[in-house]
Amino acid sequence: MAADRLTDVMERYEAVIGLEIHTEITASRTKMFCGCPVAFGGEPNTRVCPVCLGMPGALPVPNEAAIEWTVLAGLATECDIALWSQFHRKQYFYPDMPKDYQISQYDLPFCSDGRVSVEVDGPGAAERLDRGHALESGLLTGDAEAYTTVIGITRIHLEEDTGKMVHVGGAEGRIAGADYSLVDFNRAGTPLMELVTEPDIRTPEEARRFAQKLRQIWLALGVSDCSMEEGSLRVDANVSIRPRGATGLGTKTEVKNMNSFKSLHDALAYEIVRQAEVLDAGGVIQQETRHWDVGAKRTSALRSKEEAHDYRYFPEPDMVPFQFTEEWIAALAGRLPELPDARKARFVAELGLPAQDAVVLTSDTALATYFEDAVAAAGAERAKAVANWVTGEFAAHLNAAGIGADASPVTPGALAEIVELVDGGTLSARQGREVFSAVIETGMAPSAIVEQRGMRQVSDSAAIEAVVDRVLAANPDEVARYRDGKTGLMGFFVGQVMKEMRGQANPGVVNDVLRARLG
Amino acid sequence: MIDLNTLTAREVRDRVVAGDVSAREVAEAAFGRIEAVDASVHAFLELTPEIAYEAAGRIDAAVAAGEPVGPLAGVPVALKDNMNLVGTHTTAGSKILGPYRSVYDCTAARRLLDAGGMLVGKCNLDEFAFGSSTENSAYGPTHNPWDLSRVPGGSSGGSAAAVSAGMAAIALGSDTGGSIRQPGALTGTVALKPTYGRVSRYGVIAFGSSLDQIGPFGKSVEDCALALEAIAGKDPLDATSAAEPVRSYAAGLGEGVEGLRVGIVSDLLDVEGCAPEVRAAFYAAAETFASLGAEVGEVRLPTARHGLAAYYIIGPAEASSNLARFDGIRYGHRAADATDVLDLYTRSRAEGFGPETIRRVMLGTYALSAGYYDAYYGQAQKARTRIIDDYRAAFEHFDVLITPTAPSVAFKLGEKADDPYAMYLSDVYTIPVNLAGVCAVSVPCALDEASGLPIGLQITGDYFDEATILRAAAAIEAERALDLTPPLVTELLDAQAAEAGMAAQRDAALRAEG
């Protein structure tokens, strides 16, 4: 229903979406401006010091590692890295901000003008290609099944995270109606990257894919654990709509509180339909911040009127500006690991994988690494077979267990063994799946399971011929009907033979022998 | 026996190290002097006998054991009350920090104590260092030991008065636009504002982060040099502290000024309000330099006269930001029965801040506001850059630059309290130095004939060239050899002497009778 309405709305309107993505640099051991450890949770106000509590007279000292991580993030998203940069103070009063200003960046961010390409497949690809890219042409490529769009990165800057407020006594932990509020400063001062995209995103699906892609890049870099649940990756979206063919921008709303990629998609889909309904009814869009309620599946205005914030930015006088050299940037670039796009290209070029397999495998750094380890064990010539197993059985198992590739009891070596057993004809595909399940259940090596269960596929024609003959002799009526043209009975005969051989017969050989005898 | 409070820090240290006097006796003498005069001076907001006697005990034990002690061993010291030290209040002269107690140590204060300083107390100041008279303290004004009806200058007036009246041999102050040098001039003490970055700012409650610098008051140039050696140097907790090596500032003080190129900043002497006696004392000092073999010439700092205007944008702008944290949420004064968070903020701050603080926060907030930033803050920064260029150009031709420290001798309490602009003019000579970030020292160069009040000479040096300005100051100090004991103390010493004399007569009489 909602999807239908979105499709209808998107026929008439074009959505213009930009994202603001905050990522905590959890790779940094210490906070942005002090030596307190970076971690999640813990007893409130236990990871604090005079600096991150904003005590009188305390001073910030920049965390160089966090700056390096930010520059790495910029390099990974093809940004220009500033040779001269500095922090600014962004000033506003709020109890979760100890100094009542946030040390952030203003007109001189560390990284600017980058890009990330995003692959989108599924329904709508053809329409999207037809409609093209409104702001910059030539950035869309693909076909009716899948396309790639390039999303511009306006900037990535570095700042400090705030503390967390706990509102007690109000509805749903929100401040309205609360009796009192508590502040936990454990998170205050955690290094936080803010990435802002150009308004290059046109559909909720592109927004979701972009956010997922960015997460893959961050995970490949190792800059953050990117947990949307724990808040180390937080996505806000700005969205407006305009009639198809229009070039001016509509009034935008900012949507917050999306704690999963699905929420990001659903909130944008909801918001686009809502805005269209307002416009269709002759109304005007209010510029406002809206809160996504995942339970009610709707957005609601967070503030009735957008406050005109004057943050009174000015250069942070407690730190000297940063002057970087091309050599320093080049040295950092040398530290970049292989990123998802490069890995994908390598899987296609070196391992001969179909592009679609490569996309799926590199959508998850741990999965791609698992795949590579399994290929190393099984041999490059079995790469396609390993890919089938990893994207099929193994991915389904991870999904069901809710774990990452590196946490599975099926090690890359075990999976490689199963692939070899099936690929070499020792096990049937069905037996392979049985062994796979047994590895998960018992943790035993595949070979030990095969040994224990006597699971060897019988491909010996003589043994199979004897069974086939017995089966045909025991079912004369079926043989007669088959020969009269009921060829659909082939499955019946195969089943009978397999049953008699307890599933260990090579199905290919069984088919061949049956056809020869019945032919 | 000599009153220990009349000794310089260097003399105290030498006697303590030699075992001639114990650190404990020095501390007792200091608290005795405080007891005798501070009721009328009001230099201190808090006394710290536990900290002082604990240090004295350690130092005396080390001396007795023949172990090494610090270069300021047994020296009674005081801190301006905007410097944090565990175990003390740190009010910054404000009601908003009345309930606050320090949870960590200011680096410079820690270093001073680690060098052997014995903390006798924390000194009064204009609230958050906003002022030039110490009348803006929420805890009442400090009086000038030279004339209790006059101000000691400010904002570090308590620190200046404490050293002037012999209640501490060394005191630290902070200087954003003259807050060390101007009270130094008005109390007849030597007062040093080091180069920006020379001393860590960590733990001093920030006023103008790009201008603030901690420095010492002393009874002699040498004491200031010893104190600077103790507190200077890179601090990993202050990103703006400099890695520049710390020199032995006390060595070479007596080398004289022969050949030293001394520039009279002629255009600053034309500004309004420079008193004739100050002007006369200044030119006499310039002649003294010449007579000692210095090459004295005139130099112009064309943009420096705009320093006051630029300073009253940049200083309040940074202050408005630095003072945001005093919001009643985590520490300090919190308004009772707030209805919501905005009410909590506005009432806590309105109740906690004094009028000058509110004035500066409003000035700074306005100057940084959207639409005004370029016209005010941006323009002030441009002026600042020009002022820096002026100083750089001047130091191409001169080793030190000289001006009066303050345009007048100490003024009466209340005289300028209702006229902020007149008060701001007190710092016209000192402010450009902070804007440029160079170093300067105020050294007493004369006692005004009419009033008997001290007059200070400001000697400004290039970045990190404290050694040269201290050497120049030492030359003036030696040549003038002024008796800088304020009348208050002279009377006290006379009374003590009379008492001692009477006691001696009594003893002699008793002995005669016996």
Side-chain angles (χ1 to χ4, degrees), chain A residues 33-35 45 48-64 86-103 106-107 163 165 167 175-183 185 188 308-322, chain B residues 82-84 90-92 97 100 102-107 197 200-206 208-212 235-241 314 317-318 320-332 340-342 344-346 349 364-373 377-378 381:
Chain A
F33 299 112
C34 64
N45 298 312
V48 292
C49 74
V51 176
C52 60
L53 284 177
M55 298 307 281
L59 296 174
V61 177
N63 175 340
E64 285 175 24
Q86 70 184 142
F87 284 106
H88 273 67
R89 291 186 184 176
K90 179 182 182 178
Q91 308 193 73
Y92 61 98
F93 280 81
Y94 206 66
D96 65 5
M97 211 164 50
K99 302 183 291 297
D100 291 300
Y101 59 80
Q102 180 187 33
I103 303 177
Y106 183 51
D107 54 352
M165 301 276 288
H167 305 297
I175 192 165
D179 296 328
Y180 61 93
S181 304
L182 300 170
V183 199
F185 292 106
H309 268 303
D310 180 359
Y311 291 121
R312 290 174 286 120
Y313 279 101
F314 79 107
E316 168 56 90
D318 283 330
M319 277 171 262
V320 288
F322 300 93
Chain B
N82 59 356
M83 297 177 202
N84 281 279
T90 301
T91 65
L97 282 172
Y100 170 74
S102 291
V103 295
Y104 74 103
D105 289 346
C106 166
T107 298
S200 168
R201 294 182 293 114
Y202 187 75
V204 62
I205 295 175
S209 307
S210 71
L211 302 159
D212 295 346
D235 177 8
L237 298 175
D238 176 2
T240 62
S241 66
I314 295 169
E318 293 182 359
S320 71
S321 177
N322 287 328
L323 266 58
R325 67 185 63 191
F326 304 109
D327 59 7
I329 299 286
R330 283 147 298 126
Y331 47 76
D340 60 22
V341 72
L342 185 63
L344 176 74
Y345 285 149
T346 51
R349 288 166 68 81
T365 303
Y366 184 82
L368 290 175
S369 295
Y372 298 100
Y373 181 95
Y377 192 78
Q381 289 291 14

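Here is the naming used below: chain letters follow the sequence lines, and residue numbers restart at 1 for every chain.
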Does the side-chain contact (heavy atoms from CB on, under 4.5 Å) test come out yes or no for L53(A) and Y331(B), once each step is laid out?
CA-CA 10 Å; L53(A) 284 177; Y331(B) 47 76; over 6 Å; no
Can you tell which of S321(B), C106(B), G378(B) has the highest number of heavy-atom pairs within less than 4.5 Å of chain A?
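Highest number of heavy-atom pairs under 4.5 Å: S321(B).
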I'd like to know which of V103(B), I329(B), D327(B) tops the heavy-atom pair count under 4.5 Å against chain A.
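Heavy-atom pair counts peak at D327(B).
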Minimum heavy-atom distance [X]-[Y], with the two atoms named:
X       : Y       : answer
A58(A)  : Y104(B) : N-OH, 2.9 Å
G57(A)  : R325(B) : N-NH1, 4.1 Å
S209(B) : R89(A)  : OG-NH2, 3.7 Å
P317(A) : T240(B) : O-CG2, 3.8 Å
R312(A) : S369(B) : CG-CA, 3.9 Å

Would you mind telling me which of Y313(A), F185(A), F93(A), Y101(A) has the largest number of heavy-atom pairs within less than 4.5 Å of chain B?
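Most pairs with chain B among the choices: F93(A).
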Are any non-hydrogen side-chain atoms of L368(B) and Q91(A) less than 4.5 angstrom apart?
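They are in contact (side-chain heavy atoms under 4.5 Å apart), so the answer is yes.
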Can you confirm whether D318(A) sits close enough to R201(B) that some side-chain heavy atom of one is under 4.5 Å from a side-chain heavy atom of the other?
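Side-chain contact under 4.5 Å: yes.
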Side chain, backbone, both or neither: which part of [X] has an atom under 4.5 Å from a heavy atom of chain A?
X       : value
T365(B) : both
Y100(B) : side chain
L97(B)  : side chain
N322(B) : both
D238(B) : both
Y202(B) : both
V341(B) : side chain

Check this for me: Y373(B), atom OH, are more than 12 non-hydrogen atoms of other residues, nucleotides or ligands nearer than 6.0 Å?
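More than 12 within 6.0 Å, yes.
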Let me confirm one number: the CG-CZ distance from N45(A) to R330(B), rounded to the nearest 0.5 Å.
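Rounded to the nearest 0.5 Å, the CG-CZ separation comes out at 11.0 Å.
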Could you measure the distance from the CZ atom of F314(A) to the OG atom of S210(B)? Nearest 0.5 Å is fine.
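So the gap between those two atoms works out to 8.5 Å.
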